[in-house]
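Here's the structure, in structure tokens; my notes come after.
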Amino acid sequence: MTDVRVAGVGLTRFGSHPDRTGRDLFATAALRAFEDAGVPREDVEELNYGNFMGALAEHQGHQAPLMAEAAGVSCPSTRYEEACASAGVAVREAVRTVRAGDADVALAGGMERMTNLPTDEVTEGLAIAADDLFEVRAGVTFPGAYALMATAYFDAYGGEREDLAHVAAKNHANAVPNEYAQYRKEVSVEEALDAPPVAEPLHLYDACPITDGASALVIVSEEYAAEHDVDAPVAVTGTGQGTDRMSLADRQHLARTPAADDAADAAYADAGVGPGDVDVAEVHDCFTIAEVLALESLGFFDPGEGISAARDGVTTADGDLPVNLSGGLKAKGHPVGATGGSQIAELTRLLRGDHPNSERVADAEVGVAHNAGGTVASAVVHVLEVAK
């Protein structure tokens, strides 16, 4: 089994791109990844591509061959759909393919175009990642579902809206220097607390925005990197995936995310590291409470203790464990089919030292990416390390 390296990363700016198509966005991300890697397109042996709602947003299914053409590659191509974890799963499969020796070079990532739809249609489109029979038809939306999870957390463990406001303020501050972020502006704790409600106890700044964007990664084997003199100092050493019941009503505990527990356990075991070895993390904060749940599933905090991490300064840029130095989904944005690839791209840049926030983690050697689908019915975790 070969070691896997991230040879290059490419991102579009996250935000609104009213004059661009999805294929155009992915083409840009792929071009930037190839330029970053110094790997020729003709060497790509497989494309693993994530997308969730393209059939609704652009009336375009069967996107994998379309995106292969856009990226300028000629190889077997597959689209992966796992709601907001689509790109995370796509990257995981690329890693597994290269590890198995079935390919030396893979292109992985994803794209989502959402802002071309009215907000109510985006909400309806995203809702198909929930249980249609038992949730969607009853009127449950994702803000409402995560509000239920937040309420359950507060009831079980304590905490308050101000704790969540610190998460929002932290991630907005981290996004300011990130050229790819949708919202490069600071939001104070007081502003977050005063924002209008979306679904109590969640308010406007507790929710991520509607976003267009794409991500791409050139994944190579260690042997390929050595043979072709490719500078790829970051390795993917661990990968794991987990699944939970789709409907919240079928779960034992609304304030826990066992799919992410399982994904993290598998990724740590795969890499031979533990939560205490991690220097920096990018986690799926579609809502501020989701970051709290992710921190606990990743083993950084015991259940009930992650709620105060941002307020106590543990997960801030200057804390012991910086989380979401990209700005997270909260401020960088959340083009759902691209997010998992974007998280790994941001971690790669942080560990290589060429991210605008790299100085915050100058000695970092181990990073973790946590990507979730729906109300964490799906979860993917990857461990990245600076290659020795």
Check whether any side-chain heavy atom of L126 lies under 4.5 Å from a side-chain heavy atom of F52, and answer yes or no. yes
Hphob cluster co-occupancy, L347 + V381, side-chain heavy atoms under 4.5 angstrom: no
Does a donor on one side chain sit under 3.5 Å from an acceptor on the other, for H172 and K330? yes
So, are R96 and E93 salt-bridged, with charged N and O less than 4.0 Å apart? yes
Any side-chain heavy atom of M111 sitting closer than 4.5 Å to one from E58? yes
Any idea which heavy atoms bring C75 and L47 closest together, and the distance? SG-N, 3.6 Å
Determine the minimum heavy-atom distance between A195 and H203, stating which atoms define it. O-ND1, 2.6 Å
Side-chain donor-acceptor pair under 3.5 Å between N171 and D285, yes or no? yes
With the side chain counted from C-beta on, respond yes when D270 and V383 share a heavy-atom pair under 4.5 Å apart, and no when they do not. no
Output all residues satisfying ring pair (Phe, Tyr, Trp, His ring centres under 6.0 Å) with H166, sequence neighbours left out; order by chain, then residue number. none
Regarding N51 and Y80, is there a side-chain donor-to-acceptor distance under 3.5 Å anywhere? no
Please evaluate residues V283 and L298 with respect to the criterion side chain to side chain contact (heavy atoms under 4.5 Å, CB included), reporting the C-alpha separation (whole Å), side-chain torsions for both, the decisive distance (0.1 Å), and the verdict. CA-CA 9 Å; V283 308; L298 289 168; 3.6 Å; yes
Ionic contact status for E346 with K332, cut-off 4.0 Å: yes
With a 3.5 Å cut-off and no angle check, do the side chains of T375 and R251 form a donor-acceptor pair? yes
Check the hydrophobic clustering (I, L, V, M, F, W, Y; side-chain heavy atoms under 4.5 Å; chains of links allowed) and say if M149 and F154 are grouped together. yes
Any chance you could measure D131, atom CG, to R137, atom CZ, to the nearest 0.5 Å? 9.0 Å
Just say parallel, tilted or perpendicular for the rings of H228 and Y224, cut-offs at 30° and 60°. parallel
Please determine whether side chain to side chain contact (heavy atoms under 4.5 Å, CB included) holds for the pair R360 and N357, giving the CA-CA distance in whole Å, both sets of side-chain angles, and the decisive distance to 0.1 Å. CA-CA 6 Å; R360 304 290 194 172; N357 280 325; 4.2 Å; yes
Just wondering, are more than 12 heavy atoms of other shown residues or ligands nearer than 6.0 Å to CD in E69? no
Strictly by modelled atom types, are H370 and E282 linked by a side-chain donor-acceptor pair under 3.5 Å? no
Closest contact, heavy atoms only, L329 versus P209: O-CD, 3.4 Å
Please give me the minimum heavy-atom distance between A7 and A232, naming the atom from each residue. CA-CB, 3.9 Å
Find the distance between CG (L107) and CE (M67) and round it off to the nearest 0.5 Å. 12.0 Å
Would you say the side chains of E81 and S86 form a donor-acceptor pair under 3.5 Å? no
Can S221 and R99 be counted as having a side-chain donor-acceptor contact under 3.5 angstrom? no
Rounded at 0.5 Å granularity, tell me how far CG in L325 sits from CG in N174. 5.0 Å
Any side-chain donor paired with an acceptor under 3.5 Å for E296 and Y153? yes
Heavy-atom side-chain contact between D279 and D363 under 4.5 Å: no
Scan side-chain atoms only and decide if T115 and D212 contain a donor-acceptor pair under the 3.5 Å cut-off. yes
Could E160 and R311 be called an ion pair, given the rule that one side-chain N must be under 4.0 Å from one carboxylate O? yes
Side-chain heavy atoms nearer than 4.5 Å, only ILVMFWY residues, links allowed to pass through others: does that put V386 and L350 together? yes
Is the ring centre of F26 less than 6.0 Å from the ring centre of Y49? yes
Minimal non-hydrogen separation, S297 against A264, with atom names: O-CB, 3.6 Å
Distance-only side-chain donor-acceptor flag, N371 / E82, under 3.5 Å: no
Treating Ile, Leu, Val, Met, Phe, Trp and Tyr as nodes and any side-chain heavy-atom pair under 4.5 angstrom as an edge, say whether I289 and V198 lie in one connected cluster. no
Rounded to the nearest 0.5 Å, what's the gap from NE2 on H284 to CG on L293? Could you check? 11.5 Å
What distance do Y268 atom OH and D277 atom CG have between them, rounded to the nearest 0.5 Å? 9.0 Å
State, with a plain yes or no, whether a side-chain heavy atom of H382 is found less than 4.5 Å away from one of I344. yes
Any side-chain donor near an acceptor of the partner, H334 and T339, under 3.5 Å: yes
Joint cluster assignment, V98 & V230, ILVMFWY side-chain distance < 4.5 Å: no
Could you report the tightest heavy-atom contact between G340 and A87, atom names first, then the distance? N-CB, 3.8 Å
How long is the gap from CD on E179 to CZ on R13, to the nearest 0.5 Å? 11.5 Å
